[in-house]
Amino acid sequence: MRLVTWNVNSVSARLPRVLELLAAEAPDVVCLQETRVSSDAFPHLPLAEAGYQAVGHGLGGRNGVAVLARDDHVLEPVCTGLPGEPRPDEARWVEADVDGVRIASVYVPNGKAVDAPEFAGKLAFLEAMAERAGELVASGAPVVIAGDVNVCATDADAWDIAALHGGTHATPQERERLALTTAAGYTDAYRAIHPDEPGFTWWDYRGLAFPRGEGLRIDQVLLGGGLDVALADARVLRELRKGHKPSDHAPLLAELTG
DNA sequence: ATGACTTGCTATGCAAGA
């Protein structure tokens, strides 16, 4: 199974690049974040023409998540929303089963600034995610949690830890709470394959951040329920951060055997 | 050139992203 996670910063604005990804990599599963469309307005038709079915969860405007599966798989919607999340109206979590593998696409809140009320909401969301992650592995089925976790797990995940706006994304509070999910029995796929590479997945649109290499590794594929032994490769699809109208995130691809 | 933000909306400027 080839699984991609990608924060697209609007699936409508990014549709040509999403179709480019599907044509170039033919992934089995794609988790999208920041789709920024309501579930009703999700672009099912052009994706179907490209050979993909989708479960979208969104309320328009901001946020929104989705799971795509290639047509030769069975995609079954499971649930939307994360039990215990502070803002269920923000559409940041969706689960679907693909050939019996549970897939969760997640968009963790940004948190804005350490002293902002949104920061406490981010911490609460990360706690709810860890809780759900534990439930999922306890069910015994293989599970993938993939998405924009909006946290640099270590200093190696940022080009300049001192430059992070408002001090967010690398605080001990955020890291401890993200670590609750991995402690529940998940493997960070990219780090498992590349222990010493930055693996950045996001670069600011401003200030030539991408060509300067000023990025963050804030998107992750987390493997649970025994899927870690199937991990064969993981890589950042940097080509999609280049060219016409890119997202500010690059897709992250994980390859699993079987 | 990997090239100096981008998106959708409380819209014609603004907040938010990280």
Side-chain angles (χ1 to χ4, degrees), chain A residues 5-18 20-21 24 32-43 56-66 86-87 89-92 105-123 125-126 147-175 177-178 197-220 235-252:
Chain A
T5 184
W6 193 11
N7 179 323
V8 288
N9 184 20
S10 170
V11 72
S12 311
R14 217 63 59 214
L15 191 58
R17 303 307 302 263
V18 172
E20 182 184 340
L21 165 74
L32 299 178
Q33 302 85 37
E34 274 206 270
T35 53
R36 304 182 70 167
V37 289
S38 64
S39 302
D40 290 347
F42 195 84
H57 173 44
L59 302 161
R62 319 203 66 79
N63 316 317
V65 286
R87 293 287 306 272
D89 56 318
E90 289 190 341
R92 295 177 176 277
S105 178
V106 59
Y107 177 39
V108 173
N110 172 292
K112 246 181 210 175
V114 173
D115 56 359
E118 287 86 350
F119 189 73
K122 179 180 191 175
L123 299 181
F125 186 97
L126 287 166
D148 179 353
V149 299
N150 259 323
V151 178
C152 298
T154 73
D155 287 359
D157 295 344
W159 93 98
D160 181 357
I161 212 73
L164 297 180
H165 184 90
T168 59
H169 291 69
T171 64
Q173 300 100 299
E174 290 161 287
R175 287 177 172 174
R177 282 163 181 80
L178 178 61
E197 289 178 42
F200 298 155
T201 59
W202 173 89
W203 301 260
D204 201 309
Y205 280 125
R206 296 162 290 187
L208 293 171
F210 183 61
R212 292 183 198 276
E214 298 175 351
L216 303 176
R217 189 178 79 95
I218 51 174
D219 298 271
Q220 292 195 9
R235 56 197 163 93
V236 179
L237 305 178
R238 296 173 54 89
E239 292 302 313
L240 282 155
R241 182 59 179 80
K242 308 174 186 177
H244 185 61
K245 282 182 66 119
S247 171
D248 47 355
H249 294 248
L252 171 62

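Reminder, nothing fancy here: chain letters follow the sequence lines and each chain counts from 1. The model shown is predicted, which means the values in this text are computed figures rather than measured ones. FYI, side chains are in, hydrogens and waters are out, and symmetry mates aren't considered; it's all heavy atoms of this structure.
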Next item on the list: Report yes if a side-chain nitrogen or oxygen of K245(A) is closer than 4.0 Å to either non-bridging phosphate oxygen (OP1 or OP2) of dT7(B); otherwise report no.
Entry: yes
Notebook entry, point to check: dA11(B) and dT6(B): how far apart are their P atoms, nearest whole angstrom?
Noted result: 23 Å
Notebook entry, point to check: For N7(A), which contact category applies under a 4.0 Å heavy-atom criterion: base, sugar-phosphate, or nothing?
Noted result: sugar-phosphate
Notebook entry, point to check: What pairs of residues pass the salt bridge (charged side-chain N to carboxylate O under 4.0 Å, His left out) test when at least one of them lies in residues 154-163 of chain A, not counting sequence neighbours?
Noted result: D155(A)-R175(A), D157(A)-R191(A), D157(A)-R217(A)
Checklist line | Earlier contact from the 5' end, DNA chain B, for E34(A) and S10(A) | finding: S10(A)
Notebook entry, point to check: D148(A) near the nucleic acid: base, sugar-phosphate alone, or nothing, with a heavy-atom cut-off under 4.0 Å?
Noted result: sugar-phosphate
Margin query: Rounded to whole Å, please give me the gap between CZ in R241(A) and C1' in dT6(B).
Written below: 10 Å
Next item on the list: Apply salt bridge (Lys or Arg N to Asp or Glu O under 4.0 Å) to D219(A) and list each qualifying residue two or more places apart in sequence or on a separate chain.
Entry: none
Check: So among D248(A), L240(A), L32(A), which one has a side-chain contact (heavy atoms from CB on, under 4.5 Å) with V8(A)?
Finding: L32(A)
Notebook entry, point to check: What is the distance, rounded to the nearest whole Å, between atom CG of D248(A) and atom C1' of dT2(B)?
Noted result: 15 Å
Notebook entry, point to check: Nearest-Å distance, CG (L15(A)) to P (dT6(B))?
Noted result: 18 Å
What does the list of N/O pairs under 3.5 Å between the protein and nucleotides 14-16 of chain B look like, with a distance for each?
residue	atom	partner	partner atom	Å
dA16(B)	OP1	K112(A)	NZ	3.4

Notebook entry, point to check: Considering only the C1' atoms, how many Å lie between dT10(B) and dG3(B), rounded to the nearest integer?
Noted result: 34 Å
Checklist line | Within residues 203-216 of chain A or reaching into it, pairs that qualify as salt bridge (charged side-chain N to carboxylate O under 4.0 Å, His left out) - sequence neighbours excluded | finding: D204(A)-R206(A)
Check: Does R177(A) have any salt bridge (Lys or Arg N to Asp or Glu O under 4.0 Å) partners at least two apart in sequence or in another chain, and if so, which?
Finding: E127(A)
Check: On a whole-Å scale, what distance lies between the P atoms belonging to dC9(B) and dA4(B)?
Finding: 25 Å
Margin query: Measure CZ/R17(A) against P/dT2(B) and give the value in whole Å, please.
Written below: 11 Å
Notebook entry, point to check: Mapping N9(A) and N150(A) onto DNA chain B by nearest heavy atom, which one lands closer to the 5' end?
Noted result: N9(A)
Item checked: Minimum heavy-atom distance G56(A)-S39(A), with the two atoms named -> O-OG, 3.5 Å
Next item on the list: Report the residues that fulfil side chain to side chain contact (heavy atoms under 4.5 Å, CB included) with A24(A), sequence neighbours left out, ordered by chain and then residue number.
Entry: none
Margin query: Applying salt bridge (Lys or Arg N to Asp or Glu O under 4.0 Å), can you list everything that pairs with R62(A), at least two apart in sequence or on another chain?
Written below: none
Margin query: Over all strands shown, is H249(A) touching base, sugar-phosphate only, or nothing at heavy-atom distances under 4.0 angstrom?
Written below: sugar-phosphate
Notebook entry, point to check: Atom CG of L216(A) to atom P of dG17(B): distance rounded to whole Å?
Noted result: 15 Å
Check: CG of L240(A) versus P of dT2(B): gap in Å, rounded?
Finding: 13 Å
Next item on the list: Report which part of the nucleic acid E239(A) touches: base, sugar-phosphate, or nothing (heavy-atom distance under 4.0 Å, all strands).
Entry: nothing
Next item on the list: Check V18(A) against W6(A) and note the closest heavy-atom contact, atom names and distance.
Entry: CA-CZ3, 3.8 Å
Margin query: In whole Å, measure the gap between the C1' atoms of dT7(B) and dT12(B) for me.
Written below: 15 Å
Next item on the list: Could you list the residues that satisfy salt bridge (Lys or Arg N to Asp or Glu O under 4.0 Å) with R238(A), not counting sequence neighbours?
Entry: none
Check: Whole Å only: how far is the CG atom of N63(A) from the P atom of dG8(B)?
Finding: 13 Å
Checklist line | Within residues 202-210 of chain A, residues whose heavy atoms come under 4.0 Å of DNA chain B | finding: W202(A), Y205(A), R206(A), G207(A), L208(A), F210(A)
Note to self: If I take atom CD in residue Q33(A) and atom P in nucleotide dT7(B), what distance separates them, rounded to the nearest angstrom?
What the structure shows: 17 Å
